[in-house]
Amino acid sequence: MFKPLDAIFFEAPTLDLSRDLLGKILVHELPDGIVAGRIVETEAYMGAEDRAAHSFGNRRTKRTEIMFGKSGLVYTYQMHTHTLLNVVSGPEETPRAILIRAIEPVDGIDFMAERRGRHMPMKQWTSGPGKLTKAMGITMDYNGHHFTERPLYIAEGEAVRAVSKGPRIGIGNSAEAVHFPYRFWETENPFVSKFRP
DNA sequence: TCCTCGATTACCT
DNA sequence: GGTAATCGAGGAT
C-alpha cells in the first residue's frame, strides 16, 4: 500500500525539500491500522543564519542535537501542551529542519475522528502542527527516528496543483527572520492552517 | 537554582 | 480579541 521514500529524497536543498514535501503522504502504521495524511503545508528553518530556528548561530544543545544529524531524521519537540513534527534537512553538521504544519486526512479517518473529537469539523482535525500530531498519534518518542523507516515514514502521493509561499507563523520575536518567505502550502487547500492574528 | 518564554490550541467574552 | 494550559529548554544568577 504505502512505501517509504528512499533516503536520497531528503537530500535536496532545504527550501526545495520544503516544497517537494507538499503532496507527499505522511504515514503512521499502528497495530490497529494505518493513519495517513497528505502534506499540504510546511515551513523551513534555515539553521545557523535563521533567527527563528532553534539552531540559530549553530546553537547545539540536547534539544537541537538531532538537527545536526543526517537529513530525513525526525525532530519532535513540545510546544506548550503539543508535539510538533519536523524533518531534519541539510548535510550533517548543518542544523536545518522543516516543520510539517498541516496534512489532509487520507487514511485512518476513524482513528483521527476518535482522537480529535467526532463533533469537530474534519477541516479542523489536522490544520495545524499540534493538531496533526494528535490526530495521527505521533509522540515525542519518534525524536531521532528516520522518515524512511516504519512505522512512521513519508511516501509518494498525489502531486500538488499549485504552491503558494509567504512568511512563517508564530515567530514574532525573530527580528528580520519574521519576513523570510519560508512557509509553503498548497494553494487553496482547505486543510492549511489559518493565519494567527 | 531561579526566571522567562515559547515554530500552539481551545475556550472564553 | 484575550488568555489559560503546563513544562522543559535555555540563559541568567
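Chain A is the first sequence line, chain B the second, and so forth, proteins listed ahead of strands; every chain is numbered from 1.
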(message) Before you tell me yes or no, could you show the steps for A:H54 and A:Y77 under ring pair (Phe, Tyr, Trp, His ring centres under 6.0 Å), namely the whole-Å CA-CA distance, both residues' side-chain angles and the distance that decides it to 0.1 Å?
(response) CA-CA 11 Å; A:H54 294 154; A:Y77 73 96; 4.6 Å; yes
Table of protein N/O atoms under 3.5 Å from nucleotides 3-6 of chain B N/O atoms:
unit_1, atom_1, unit_2, atom_2, d
B:dG6, OP1, A:N173, ND2, 2.4

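Nearest to the side-chain atoms of A:R63 among the listed nucleotides C:dG11, C:dA9, B:dA7 stands C:dA9. Of the candidate nucleotides C:dA5, B:dA10, B:dA7, C:dA5 has the atom nearest to the side chain of A:T81. Relative to the side chain of A:T61, the nucleotides B:dA7, C:dG10, B:dT9 differ in distance, and C:dG10 lies closest.
One interatomic measurement links the two molecules: NZ of A:K131 to C1' of B:dA7, which rounds to 15 Å at whole-angstrom precision. Distance A:R116 CZ to B:dC11 P: 9 Å, rounded to the nearest Å. Distance A:E43 CD to B:dA7 C1': 6 Å, rounded to the nearest Å. Between A:F56 atom CZ and C:dG10 atom P there is a gap of 15 Å when expressed in whole angstrom units. C:dA9 atom P lies 15 Å from atom CG of A:L84, rounded to whole Å. Between A:R101 atom CZ and B:dT9 atom C1' the separation is 11 Å, expressed in whole Å. One interatomic measurement links the two molecules: CZ of A:R59 to C1' of C:dG8, which rounds to 13 Å at whole-angstrom precision. Rounded to a whole Å, the CG atom of A:N58 is 16 Å from the C1' atom of C:dG10.
Ion pairing between A:E92 and A:K70 fails under the 4.0 Å rule for side-chain N and carboxylate O.
The hydrophobic clustering, which links ILVMFWY residues whose side-chain heavy atoms are closer than 4.5 Å, places A:V88 and A:I154 apart.
Counted by atom type alone, A:S164 and A:T187 present one or more donor-acceptor pairs between their side chains at under 3.5 Å. A donor atom on one side chain and an acceptor atom on the other are not found under 3.5 Å apart for A:S127 and A:K123. Looking at A:S193 and A:E41, their side chains do bring a donor and an acceptor atom within 3.5 Å of each other. No hydrogens or angles considered: a donor-acceptor pair under 3.5 Å links the side chains of A:T14 and A:S89. Side-chain contact check for A:Y142 and A:H28: at least one donor-acceptor pair (N or O, by modelled atom type) lies under 3.5 Å.
Taking a pair as Watson-Crick or G-U wobble with both distances under 3.5 Å, the runs of three or more consecutive pairs in DNA chain B are B:1-6 with C:7-12, B:8-12 with C:1-5.
C:dT3 and B:dC5 have their P atoms separated by 15 Å, with the value rounded to a whole Å.
Heavy-atom neighbours of A:E176 CD from other residues, nucleotides or ligands within 6.0 Å: above the threshold of 12.
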